[in-house]
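Inspection log for the structure reproduced underneath, given as structure tokens.
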Amino acid sequence: MLGMLGQKIGMTRLVDEETGEVIPVTLVELKKNTVSGFKTAERDGYNALVLGFEKKKSKAAPFKNLLEFKVDDVAEFSKDQEIALSIFEEGQTVSVQGISKGRGFQGVIKRHNFHRGPMSHGSDHHREPGSVGTRKPRRIKLGKKLPGRMGNDKVTLQKVRIV
């Protein structure tokens, strides 16, 4: 399915004329998306377009961002062809991908919504995770909720309506 690369520029809201409901809206700036390459079934095993976004001055890497979109037939497109916004219609539902905000190294209270320990009566465990394992197997099991890097992950929202 063909798509486009864009950049979030802000948030606003719209009021539905019929119901009076307030709809939160994300504003996305869609700059020129240019076909910079192809993937073919014979060579790569699948058909896809490689779209470039935000040109750079360097000729070695002419685009700042590149992303592949699978298509049925690459013969419909040519190199350096610009993909227009007309591929979308108002009311159409799309999947939107982006990178979440990076929050750096965080403790378990912020990262996993743990509760803190008592702050008085001689307690020394205020913001610690508590017990992290058992006597056997004498290691911390995979998936244990512990402090670590939070955010800066790829997030996908599905069935987002175009307004």
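No hydrogens, no waters, no symmetry mates; every other heavy atom, side chains included, goes into these values.
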Side-chain heavy atoms under 4.5 angstrom apart, residues restricted to Ile, Leu, Val, Met, Phe, Trp, Tyr: same cluster for Leu30 and Leu157?
yes

Reported CD1-to-CG distance for the pair Ile83 and Leu5, which is rounded to 0.5 angstrom:
10.5 Å

Main chain of Asn113, side chain of Arg111: is a donor-acceptor contact present, judged purely on distance under 3.5 Å?
no

If we ignore hydrogens and angles and just use 3.5 Å, is the side chain of Ser36 paired with the main-chain N or O of Val50 as donor and acceptor?
yes

In Å, rounded to the nearest 0.5 Å, how long is the span from NZ of Lys79 to CZ of Phe38?
7.5 Å

Does Leu85 share a hydrophobic cluster with Ile162, counting links as ILVMFWY side-chain heavy atoms below 4.5 Å and allowing steps through other members?
yes

Treating Ser100 as the side-chain partner and Asp153 as the backbone partner, does any N or O pair qualify as donor plus acceptor under 3.5 Å?
yes

Please check if the side chain of Asn33 supplies one atom and the backbone of Phe53 the other of a donor-acceptor pair under 3.5 Å.
no

Short side-chain to backbone donor-acceptor contact, Asp16 and Leu14, under 3.5 Å
no

Report whether Val28 and Met4 are members of the same hydrophobic cluster (ILVMFWY, side-chain heavy atoms less than 4.5 Å apart, transitive linking).
yes

Between atom NZ of Lys64 and atom CD of Gln7, what is the distance when rounded to the nearest 0.5 Å?
7.0 Å

Taking the side chain as C-beta and beyond, is there a heavy-atom pair between Val35 and Leu51 under 4.5 Å?
yes

Between NZ on residue Lys70 and NZ on residue Lys39, distance to nearest 0.5 Å
11.5 Å

Counting C-beta onward and ignoring hydrogens, is there a side-chain heavy-atom pair between Arg161 and Ile23 closer than 4.5 Å?
yes

Pairwise distance CG(Leu49) to OG1(Thr34) - rounded to 0.5 angstrom:
12.0 Å

Interatomic distance, Glu82 atom CD to Lys32 atom NZ [nearest 0.5 angstrom]:
5.0 Å

